[in-house]
Amino acid sequence: MIEVKNITKRYGKFTAVDDISFDVKDGEIVGFLGPNGAGKSTTMNMITGFIEPNEGSIIINGYNMAKKPKKAKKQIGYMPENIPLYQELTVREFVNYMAELKLVSRKNRKEEINKILEKTGLTEVQKKLIKNLSRGYKQRVSMAGALVGNPDVLILDEPTVGLDPKQITEIRKLIKELGKEHTVILSTHILSEVSQICERVVIINHGKIIAIDTPENLEQKTQEKNSILLTVEDKKQNMQHLKEQIPEIQSLKFVKDNEDGTKQYMIESDAKVDLRKKLFEVLPKQDITIFELKKAENTLEDAFISLIDETQKEETKEGIKENTKKEEKDSQKQKKHKEKEESKKAKKEFNKQKEDKTKGGKK
Amino acid sequence: MWAVLKKEFKTYFLSPIGYVFIGLFLAMFSLLFYIITIYSGTVTYQAVFYNAVIYVLIFIIPLLTMRMFAEERKSGTEQLLMTSPRSIVGITLGKFIAATLVVVITELLTLIYLGILCYFKVPDMATVGVTMLGFLLLSMAYISLGMFISSLTENQIVAAIVTIAIFVVTWLLPNLSTSFLQFSLFEKFYPYVTGVFPITETINFVSLTIMFIVLTIIVLKRRKLVK
């Protein structure tokens, strides 16, 4: 169980993480999503106790990271970004060192190291120097380092970056398996990964949480329209009149000509209306043959992009508001300035007239 | 502490650094030994140590200290170390003692020269013992200083050059004015060579060592807030 309460991290004037709170239950796999520089790694570094938040507290399995760091850190296995490793050690030496650092008792050490090497598929390369390993293997070594000591919580910062597709599926499988016994937090850029592995998603942007929900809910929430991709053979050009036949259609767009006599269209309707049944009924009557009919699902990717866009729009709106305020102020200033100048001019003229008068009087 | 100590000590000899350190020191030591004892026909073994400190030790101690924290910081392994349930005090002491052990080994190896000298004439053993102890204390003070500098930067070369610069400056300062004598560690080493065990200087070296170890710990603890 991880409890993150109102943590904030500032670097000078820049706020990297702004008042974030969330819980991760035991045995849950939670994905951290967000564009680059959103504060994912900073948050993870704070959870692992590598950096200290300016405000707020982090409690891991009941141990407060600030007050009982030793016990709290013992609950965590961390696989940092960019897989830092001791290049001059062999795989086995490295895992052994991590085991020693994590206070694994001498009795169980050998057995546990063997178990972990097997789990991560490193048994064959255990005597190789880490610097001679390929990226995929290095990633596994880093994972082994996180797993050693059997921590309850695993924190994986971009565990699949730089791997080939086969390795990615292997690592994902491993993470899924680990999720059965451990609580896992992982960050990633790959959205399909999140919808495959994670039970819950935390989306962060500009150091703030935008959304916490299951991947499915997020996909549905952001789905405003129901879109259907339709491939048809339409010899009598009846598709243009389809809108009159089915009034629920909000828009009918021509996508492409397949050059084999079929054409592809995109039909959009309200999110609550499913037009598939009606299309099957109506189209044959119009001498239109359906080749393919597919519901275009809103992916997590769409959800992510729309959520990020929303926050950015809000920010720019605020920015514009501020700008207009500034402009108003500026124009007011200019007005005042003008008024002042005018009054100055008037005074000058008045003085001149006075002088002229006095001169004239002397003459 | 033991885990870090063991790994650090092993790393000195997995990489060429440990061998380079010992080899360089012994090579220069042989040369000094030849010039001072055999060539000039004296048995002042302690004088060899005195010269070794000035001409060798100050330039090669950074070999041991420059990578201590700078390398971990640059490669990111600092994250593994700092997120482990080990205390910062233990980590710092582990690294410090590992480097000190390398110096101890080097010193033990110099006993070969003492053996050679004894074949001709046995020198005053008490003086030699005190000198070797002073040498170790001085090295510890240097190592802690080097470690402190290494904890400030992520560039090993910067760490090494700054450390050497500080050593050289404290060595040369008394030449400018005698009021700088207090800053010169070599001057503090001199009493050991005379064969008297100087309590003041010993306390001086030990407190310097502790001071820089504590400063290193403070730097590492503060980094948690700043990073």
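All chains are named by letter (A, B, ...) in the order of the sequence lines, taking the proteins before the strands, and each is independently numbered beginning at 1. Just so we're clear, the structure is a prediction, and the values are computed from it rather than from any experiment.
Interface residues of residues 85-106 of chain A toward chain B, defined by a heavy-atom distance below 4.5 Å and sorted by number: A:Leu85, A:Tyr86, A:Glu88, A:Leu89, A:Glu93, A:Phe94, A:Tyr97, A:Met98, A:Glu100, A:Leu101, A:Lys102, A:Leu103.
Of all heavy-atom pairs spanning A:Pro84 and B:Ser75, the tightest one is CB-O, 3.2 Å. Nearest heavy atom pair, residue A:Lys73 against residue B:Ser84, reads CD-O, 3.4 Å.
In this structure, B:Tyr190 places its OH atom where only 12 or fewer heavy-atom neighbours from other residues, nucleotides or ligands lie under 6.0 Å away. Counting non-hydrogen atoms of other residues, nucleotides and ligands closer than 6.0 Å to CD1 of B:Ile199 gives a total of 12 or fewer. Within 6.0 Å of OH in B:Tyr34 there are 12 or fewer heavy atoms belonging to other residues, nucleotides or ligands. No more than 12 heavy atoms of other residues, nucleotides or ligands lie within 6.0 Å of OH in A:Tyr63, so this atom counts as exposed by the packing criterion. For B:Ile116, the CD1 atom is densely surrounded, since the number of other residues' heavy atoms within 6.0 Å is greater than 12. Within 6.0 Å of atom NZ in B:Lys7, more than 12 heavy atoms from other residues, nucleotides or ligands are found, so the atom counts as buried in its surroundings.
When each of B:Leu80, B:Val4, B:Thr11 is scored by its heavy-atom pairs under 4.5 Å with chain A, the top score falls to B:Leu80. Of the residues considered (B:Glu71, B:Met82, B:Glu72, B:Arg86), B:Arg86 shows the highest number of contacts with chain A, using heavy-atom pairs under 4.5 Å. Between chain A and the residues B:Thr77, B:Ile91, B:Leu81, the largest count of heavy-atom pairs under 4.5 Å involves B:Thr77. Contact count versus chain B (heavy atoms, under 4.5 Å) is highest, among A:Arg10, A:Lys70, A:Met79, A:Glu81, for A:Lys70.
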| message | Go through it in stages, so that I can follow the logic: the residues are B:Gln79 and A:Asn45, the test is side-chain contact (heavy atoms from CB on, under 4.5 Å), and I'd like the CA-CA distance, side-chain angles, deciding distance and then a yes or no. | response | CA-CA 9 Å; B:Gln79 291 193 27; A:Asn45 275 334; 3.6 Å; yes

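Of the atoms belonging to B:Thr83, heavy atoms from both backbone and side chain fall under 4.5 Å from chain A. Using a 4.5 Å cut-off between heavy atoms, A:Pro69 does not touch chain B at all.
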